[in-house]
Student: 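First, the structure itself, so that you have it in front of you.
Just so you know, residue 1 is the first one in the sequence shown, and it goes up from there. Just so it is clear, the values below take in all heavy atoms, side chains as well, and ignore hydrogens, waters and symmetry mates.
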Amino acid sequence: MTTRRESVLGARPLVGALYPPGDKSISHRALIFNAVAEGEALVRGLLDSADVDSTKRCLRGLGVQIEEVGLGEVIVYGRGWSLDEPAAVLDCGNSGTTMRLLGGLLAGQPMHVVLTGGGSLCKRPMGRIVEPLRKMGARIDGRVGGELAPLSIRGGALRNIDYRCPISSGQVKTAMLLAGLQGQGELVHHEPRVSRDHSERMLSAMGVAVRCFDRFVAVQGGSRLHAMDMDVPGDFSSSMFFLVGASVIGGSQLTLRSVGLNPTRTGGLDVLRKMGARIEVSDSQVVCGEPRGDLHVQYTPLTGVDIGGDDIPRLIDEIPILAIAAACARGETTIRDASELRVQGTDRIAATVKMLRCLGVEVEERPDGMVIDGRGGALEPTEIDSFGDHRIAMAGAIGLAATYGDRRGYVTRADAVSVSFPDFFPLLFALQTEHERLNTLT
């Protein structure tokens, strides 16, 4: 990754309509689940990003044929539970989803595979999947006793277990489900709070009997998946950057089309509405088991709120951009119970606090979050370092777009957005200049 520097215009309303990029979580799962299904599937709306490319590359290394047939469209030719042993190490890039989900899948495959990744991925905790997979019979080694990648996996016969996970994580849950579908008996996975449920929805749609109740999910070993054509909805996490931008920049009116509205993902929407945001939903529908709809948002003054507890798993990815909303709001916002942000490639709590301080915001850093003293208005133009984190880069850009006066700010290491939203900066600029174009026409 280079140190590309992007400029951002301040004090420009966001006006117009957009289709956000395909949902990253669903894109990973659509590829992996169809790869081990029986039959072939056309997947539309697939996210075109570095992380999803990592999953494609690894699956191809396992003998899965993935045919590119158009922009965001692929055909996946399922192999069932019979993959090829790769001739080389599989590189997961910097995608934690790729490594953790493939770790669960490969634990049940009779082969030896090594999973590695970039510098930030090799610092992320992998013991959260290694420990339960070892209890099921998988032989997995890694640095620091299996806590860190690279991971060496010798898969084979697994015995399903009743596992109580100490954290709420859709990635850990999905790794366990992929392993459990290949094991003997019933796999039961408990978690302290409900995490995103894309895997349960997708597996059910693909013919797997999935038992779900409150905070546990269970599947039977030996289950088979049937390939399913999929239409990936717009990514809610990516949409949040523009929902917040339009909520805090005066004169903004914006529509985001075909956005995924899975209730385990929309905690950020609930928080924005509690802060007073004016966001309406239209054209609601369910496609391939996933709810979606159009979101309409316009500027309105916000007030600070408390964010924590059971809401955190539903908005963990959105905390950096919610911090921008809090910075522009009137009053104090407390973010708590979010210590998981400390181990997401970058320390997102520390990075978010530094970002806010650069924008002129008073903020107190805490071990599991922060307390933000909202300015009740525009932020200060500045230069923000993304620390190589895509969500910090985009949150920082929205913060700069919400600054006062006709001035520019800058985001350094802006290349980070390639992980989830490669076209973010051109799209932000287009929405800012659409307002000026419309004024010129009138």
Student: May I ask you to check whether over 12 heavy atoms, not counting those of E383, lie within 6.0 Å of atom CD?
Tutor: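 Buried by this count: over 12 neighbours within 6.0 Å.
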Student: Classify the side-chain pair D389/T346 by whether it contains a donor and acceptor separated by less than 3.5 Å.
Tutor: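 Yes, T346 and D389 have a side-chain donor paired with an acceptor closer than 3.5 Å.
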Student: Taking S223 for the side chain and Q220 for the main chain, is one N or O donor matched with an acceptor at less than 3.5 Å?
Tutor: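 Side chain of S223 to backbone of Q220: a pair is present.
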Student: Would H198 and E290 count as a side-chain contact (heavy atoms from CB on, under 4.5 Å) if you check the C-alpha gap in whole Å, the side-chain angles of each, and the deciding distance to 0.1 Å?
Tutor: CA-CA 8 Å; H198 300 304; E290 290 283 349; 2.8 Å; yes
Student: Is the CD atom of E362 crowded by more than 12 outside heavy atoms at less than 6.0 Å?
Tutor: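 No - once you tally the heavy atoms of other residues, nucleotides and ligands closer than 6.0 Å, there are 12 at most.
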Student: Under the side-chain contact (heavy atoms from CB on, under 4.5 Å) test, which residues partner T382, sequence neighbours left out?
Tutor: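 Listed in chain order: C358, L359, I384, L400.
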Student: When you compare the side chains of K173 and S195, does any donor N or O come within less than 3.5 Å of an acceptor on the partner?
Tutor: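 Yes.
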Student: If you count the non-hydrogen atoms of other residues, nucleotides and ligands that lie under 6.0 Å from OH in Y19, is the total more than 12?
Tutor: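 Not more than 12 within 6.0 Å, no.
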Student: State, with a plain yes or no, whether a side-chain heavy atom of R257 is found less than 4.5 Å away from one of D283.
Tutor: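 No. Closest side-chain heavy atoms not under 4.5 Å.
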Student: Indicate the atoms forming the closest heavy-atom contact of S247 with V297, along with that distance.
Tutor: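 Closest approach of S247 to V297: OG-CG2, 3.4 Å.
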Student: Can you tell me how far the CG atom of L356 sits from the CG atom of D373, to the nearest 0.5 Å?
Tutor: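 Rounded to the nearest 0.5 Å, the CG-CG separation comes to 11.0 Å.
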Student: Give the minimum heavy-atom separation between D235 and S25, together with the two atoms involved.
Tutor: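 That closest heavy-atom pairing would be OD2-N, 4.5 Å.
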Student: So, E6 and R408, do they make that salt bridge, N to O below 4.0 Å?
Tutor: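 Not counted as a salt bridge, because no side-chain N and carboxylate O are separated by less than 4.0 Å.
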Student: Is a donor from one side chain sitting under 3.5 angstrom from an acceptor on the other, for T116 and D91?
Tutor: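 D91 and T116 do not have a side-chain donor-acceptor pair below 3.5 Å.
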Student: In terms of heavy-atom contacts, does CZ of R164 have more than 12 from other residues, nucleotides or ligands at under 6.0 Å?
Tutor: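 No, because the 6.0 Å sphere around CZ of R164 holds 12 heavy atoms or fewer from other groups.
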Student: Spell out, as yes or no, whether a donor-acceptor pair under 3.5 Å connects the side chain of R201 to the backbone of G289.
Tutor: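 Yes; judged by distance alone, with no hydrogens or angles, the pair exists.
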Student: Assess whether side-chain contact (heavy atoms from CB on, under 4.5 Å) is satisfied between L62 and L90, documenting all intermediate values.
Tutor: CA-CA 9 Å; L62 292 163; L90 297 183; 3.9 Å; yes
Student: As an exercise, state the distance from CZ of R44 to CG of L71, rounded to the nearest 0.5 Å.
Tutor: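 Interatomic distance, R44 CZ to L71 CG, rounded to 0.5 Å: 13.5 Å.
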Student: Might you point out which heavy atoms bring S239 and V259 nearest each other, and give the distance in Å?
Tutor: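 Where S239 meets V259 most closely, the heavy atoms are OG-CG1, 3.5 Å.
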Student: How many angstroms lie between CG in D48 and CG in D53, if you round to the nearest 0.5 Å?
Tutor: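 Separation between the atoms: 6.0 Å.
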Student: Between L254 and V15, what is the shortest heavy-atom contact and its length?
Tutor: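 Shortest heavy-atom contact: CD1-C, 4.1 Å.
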Student: How close do A277 and L302 get, counting heavy atoms only, and between which atoms?
Tutor: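 That closest heavy-atom pairing would be N-CD2, 3.5 Å.
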Student: Parallel, tilted or perpendicular: which describes the rings of F242 and F421, with under 30° parallel and over 60° perpendicular?
Tutor: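 F242 vs F421 ring planes: perpendicular.
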Student: Are R128 and E147 within salt-bridge range, i.e. N to O under 4.0 Å?
Tutor: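 No, this pair does not count.
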Student: Taking only residues at least two apart or on different chains, which pairs with a member in residues 311-321 satisfy side-chain hydrogen bond (donor to acceptor under 3.5 Å, both in side chains)?
Tutor: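 Listed once each, the pairs are R196-D317, S237-E318, D270-R314.
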Student: Heavy-atom distance under 4.5 Å between the side chains of M136 and L187, does that happen here?
Tutor: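 Of all side-chain heavy-atom pairs linking L187 with M136, at least one is under 4.5 Å.
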Student: Nearest 0.5 angstrom please: T255 OG1 to L18 CG, how far?
Tutor: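 Result: 8.5 Å between the selected atoms.
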Student: Taking atom types as modelled, find out whether D51 and S49 have a side-chain donor-acceptor pair closer than 3.5 angstrom.
Tutor: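 There is no such pair between these side chains.
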Student: More than 12 foreign heavy atoms under 6.0 Å from CZ of R357: is that the case here?
Tutor: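 Yes, CZ of R357 has more than 12 neighbouring heavy atoms, counting only those of other groups under 6.0 Å.
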Student: Can a salt bridge be assigned to the pair R375 and E380 using a cut-off of 4.0 Å between side-chain N and carboxylate O?
Tutor: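 Yes, R375 and E380 are salt-bridged.
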Student: How many angstroms lie between atom CD1 of I249 and atom CD of Q298, to the nearest 0.5 angstrom?
Tutor: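 If we round to the nearest 0.5 Å, I249:CD1 and Q298:CD are 14.0 Å apart.
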Student: Listed by chain and number, what are the side chain to side chain donor-acceptor pair (under 3.5 Å) partners of S168, not counting sequence neighbours?
Tutor: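 Applying side chain to side chain donor-acceptor pair (under 3.5 Å) to S168 gives none.
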Student: Before you tell me yes or no, could you show the steps for S418 and H390 under side-chain contact (heavy atoms from CB on, under 4.5 Å), namely the whole-Å CA-CA distance, both residues' side-chain angles and the distance that decides it to 0.1 Å?
Tutor: CA-CA 7 Å; S418 66; H390 60 125; over 6 Å; no
Student: Give the C-alpha distance, both sets of side-chain angles, the deciding distance and a yes or no for salt bridge (Lys or Arg N to Asp or Glu O under 4.0 Å) between E186 and R211.
Tutor: CA-CA 10 Å; E186 184 180 53; R211 289 200 303 123; 3.0 Å; yes
Student: Just jot down the salt bridge (Lys or Arg N to Asp or Glu O under 4.0 Å) partners of D214, sequence neighbours excluded, or say none.
Tutor: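 Result, salt bridge (Lys or Arg N to Asp or Glu O under 4.0 Å) vs D214: none returned.
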Student: Please check this pair: side chain of S258 against backbone of P233, looking for a donor-acceptor N/O pair closer than 3.5 Å.
Tutor: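 No, the answer is negative, given that no donor and acceptor are paired below the 3.5 Å cut-off.
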Student: Give a yes or no answer on whether the side chain of N34 reaches the backbone of V76 with a donor-acceptor pair at less than 3.5 Å.
Tutor: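 Answer holds: no.
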Student: Starting at CZ of F33, measure out to CE of M228 and round the result to the nearest 0.5 Å.
Tutor: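 If I round to the nearest 0.5 Å, the distance is 10.0 Å.
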Student: Regarding Q432 and R12, is there a side-chain donor-to-acceptor distance under 3.5 Å anywhere?
Tutor: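 There is no such pair between these side chains.
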Student: What verdict does the side-chain contact (heavy atoms from CB on, under 4.5 Å) test give for D231 and R292, after you've listed the backbone C-alpha separation in whole Å, the side-chain angles of each residue and the deciding distance to 0.1 Å?
Tutor: CA-CA 11 Å; D231 186 2; R292 67 177 70 192; 3.8 Å; yes
Student: With a 3.5 Å distance limit and no angle check, can you tell me whether D294 reaches the backbone of S282 through a side-chain donor-acceptor pair?
Tutor: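 No.
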Student: Partners of T98 by side-chain contact (heavy atoms from CB on, under 4.5 Å), sequence neighbours excluded?
Tutor: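 Here the qualifying residues are H28, S54, T55, C58, C92, S95, L102.
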Student: List in chain and number order the residues that pass salt bridge (Lys or Arg N to Asp or Glu O under 4.0 Å) with R336, two or more places apart in sequence or in another chain; answer none if no residue qualifies.
Tutor: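 For R336 the salt bridge (Lys or Arg N to Asp or Glu O under 4.0 Å) partners, ignoring immediate neighbours, are D306.
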Student: What heavy-atom pair brings D385 and I392 nearest, and what distance separates the two atoms?
Tutor: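 Minimum heavy-atom separation between D385 and I392: O-CG2, 4.0 Å.
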Student: Within the side chain of D197, is there an N or O that forms a donor-acceptor pair under 3.5 Å with the backbone of E200?
Tutor: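 The answer is no, because no donor-acceptor pair under 3.5 Å joins these two groups.
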Student: Using 4.0 Å as the upper bound for N to carboxylate O, is an ion pair formed by E131 and K135?
Tutor: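 Salt bridge present between K135 and E131.
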Student: Side chains of R265 and D23: closer than 4.5 Å at any heavy-atom pair?
Tutor: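 R265 vs D23: side chains touch.
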Student: Take R215 and D310, measure what salt bridge (Lys or Arg N to Asp or Glu O under 4.0 Å) needs, and give me the verdict at the end.
Tutor: CA-CA 11 Å; R215 298 174 183 180; D310 287 345; 3.4 Å; yes
Student: Using modelled atom types and a 3.5 Å cut-off, is there a donor and acceptor pairing between side-chain atoms of T352 and backbone atoms of I349?
Tutor: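 Judged by distance alone, no pair lies under 3.5 Å.
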Student: Is the shortest distance from a Lys or Arg side-chain nitrogen in R193 or E191 to a carboxylate oxygen in the other one below 4.0 Å?
Tutor: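 No salt bridge links R193 with E191.
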Student: Step by step, would you call R60 with E67 a salt bridge (Lys or Arg N to Asp or Glu O under 4.0 Å)?
Tutor: CA-CA 10 Å; R60 285 171 172 147; E67 180 184 353; over 6 Å; no
Student: Check whether Y410 forms a cation-pi arrangement with R5 (NZ or CZ under 6.0 Å from the six-membered ring centre, at most 45° off the ring normal).
Tutor: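 Yes, R5 sits over the ring of Y410.
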Student: Check the angle between the aromatic planes of Y163 and H189 and answer parallel, tilted or perpendicular using the 30° and 60° thresholds.
Tutor: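 Plane angle between 30° and 60°, so tilted.
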Student: Decide whether R278 and T300 meet the rule of one side-chain donor and one side-chain acceptor closer than 3.5 Å.
Tutor: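 Side chains of R278 and T300: no pair found under 3.5 Å.
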Student: Just checking, any donor-acceptor pair under 3.5 angstrom between side chains of R29 and T174?
Tutor: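 Yes - a donor-acceptor pair under 3.5 Å links their side chains.
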